[in-house]
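Everything below concerns the one structure shown next.
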Amino acid sequence: MSGSEFLQWAAMVSLGLLTVAFFLTIFRILRGPTLPDRVLALDMLVSIGIAYIAVVAIKTNFSLYLDVAIALGLVGFLATVAFARYILQRDRNRMDDNPNAKEIQK
Amino acid sequence: MNRAALATVLALIWAAITGNFSVPNLIFGGAISLLALWLVRKDVSSPHYFRKARLAGSLALLFFYELSLSASRVALLVLSPNLKDKLKPGIIAFPLTVKSDVQITLLANLITLTPGTLSVDVSEDKKKLYVHALSVPDKQALIDDIAKGFEAKIIEVFE
Amino acid sequence: MIYEIAAYIAGIFLLMGALFSLIAAIGIVRLPDLYTRMHSASKVGTMGAGLSFLALATVAFDGPLILRAIVGFVFLMLTAPVSAHLLARAACLAGYKSDNLTELNDFAKDQ
């Protein structure tokens, strides 16, 4: 097997593995059970997306995909930061409304 | 002066990302860097800028090495069949000896990258760092491990 | 010759990256609570995406492109612990409970 053939084969196998990972992560998003769990799974989904784009960039030899991957990484980071702030704020508000909310965490 | 040096470094990083080292692009990058520094406002720079840059380089290497090590350890743990028996998670309070914000930040990030530990929060008075660990058979042993490993290294780098 | 070797190395990086991503996803599904899942996502998941960037850098053979791939890799490595830390802190302060396997919790004790 020559180098480029091996690379093409590796790219196909990687796409397959990433697709399985993708569906497992989606399972966690649907399943929850809490909001931070879903945020974490979304963060994971972004990094799987980055890996997808990198594989496609190698497969098609189209270098512009690299910029897309970098941008997606930075946007994903910002999204996680924003979600973390939202979780903090939301639960503070809820606890102001209902002091017992901490006990019925779901 | 220091702000200008920092802006220059940021402009070079900008040129590296855009893959274009032409003069207009460098000037554009410098303008964005100055804007970003103005947005942050606080004085982020410090006197020994270039010495620190070299130290940051050596710490970065340590960073990557630790990350790959811990990623493989956690991967092995995830794949082990009797997962529930191997887990004994807990959140411990780690007493900090390092004082400055930069050192605490660095230590917190390095702890996140070690196998099985993840920093959660710093207490208000900056004396304790809360660390989540995948398995805590012995709390004191873990604390000693961090204090003798990363914390000692960070103190050594900064003193 | 050098192209051949680079292609093989890049292929191995790609496979390892995809494998790490898959293991991270398995960890997210298998581990019992939010905080333990965070270990899997923030370390193993980042490693997966990072290795894909390294594979790109290996086959690029073009100065600016390699530099950009490496910069992307560094960004990924620097942002991963920060976002994991922020999410863990938010969940902890908001009072999300960890699994009943967790016996030791100094954070809840000090609050």
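What you see below is based on every heavy atom in this structure, not just the backbone, and it leaves out hydrogens, waters and symmetry mates. All values reported here derive from a predicted model rather than from experimental measurement. Per chain, numbering begins at 1; letters A, B, ... match sequence-line order.
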> Is it the side chain or the backbone of A:Leu45 that comes within 4.5 Å of chain C heavy atoms, both, or neither?
Replying inline: neither
> Do the non-hydrogen side-chain atoms of C:Leu22 and A:Leu24 ever get within less than 4.5 Å of each other?
Replying inline: yes
> Based on non-hydrogen pairs under 4.5 Å, which of A:Val20, A:Val13, A:Asp67 is most in contact with chain C?
Replying inline: A:Asp67
>> Show the nearest heavy-atom pair for residues C:Gly45 and A:Ser47, with the distance to one decimal.
In response: O-OG, 3.9 Å
> So what's closer than 4.5 Å to chain C heavy atoms on A:Leu40: side chain, backbone, both or neither?
Replying inline: both
>> Would you say that A:Phe83 contacts C:Leu86 through its side chain, given a criterion of any heavy-atom pair below 4.5 Å between the two side chains?
In response: no
> Of the backbone (N, CA, C, O) and the side chain (C-beta and beyond), which part of A:Ser14 lies under 4.5 Å from a heavy atom of chain C, both, or neither?
Replying inline: both
> Step by step, would you call A:Asp43 with C:Ser83 a side chain to side chain contact (heavy atoms under 4.5 Å, CB included)?
Replying inline: CA-CA 9 Å; A:Asp43 192 36; C:Ser83 67; 4.0 Å; yes
>> Need one label for C:Ile9: side chain, backbone, both or neither, based on atoms under 4.5 Å from any heavy atom in chain A.
In response: neither
>> Between C:Leu76 and A:Phe77, is there a side-chain heavy-atom distance shorter than 4.5 Å?
In response: no
> So how far is it from A:Asp37 CG to C:Met38 CE, rounded to the nearest 0.5 Å?
Replying inline: 8.0 Å
> Which atoms form the tightest heavy-atom contact between A:Ala69 and C:Phe53, and what is the distance?
Replying inline: CB-CZ, 3.8 Å
>> Does any part of the side chain of A:Met44, heavy atoms only, come nearer than 4.5 Å to the side chain of C:Arg37, both counted from C-beta?
In response: no
>> For C:Val29, which atoms come within 4.5 Å of any heavy atom of chain A: side chain, backbone, both, or neither?
In response: both
> Taking everything shown except C:Ile2 itself, do over 12 heavy atoms lie less than 6.0 Å from its CD1?
Replying inline: no
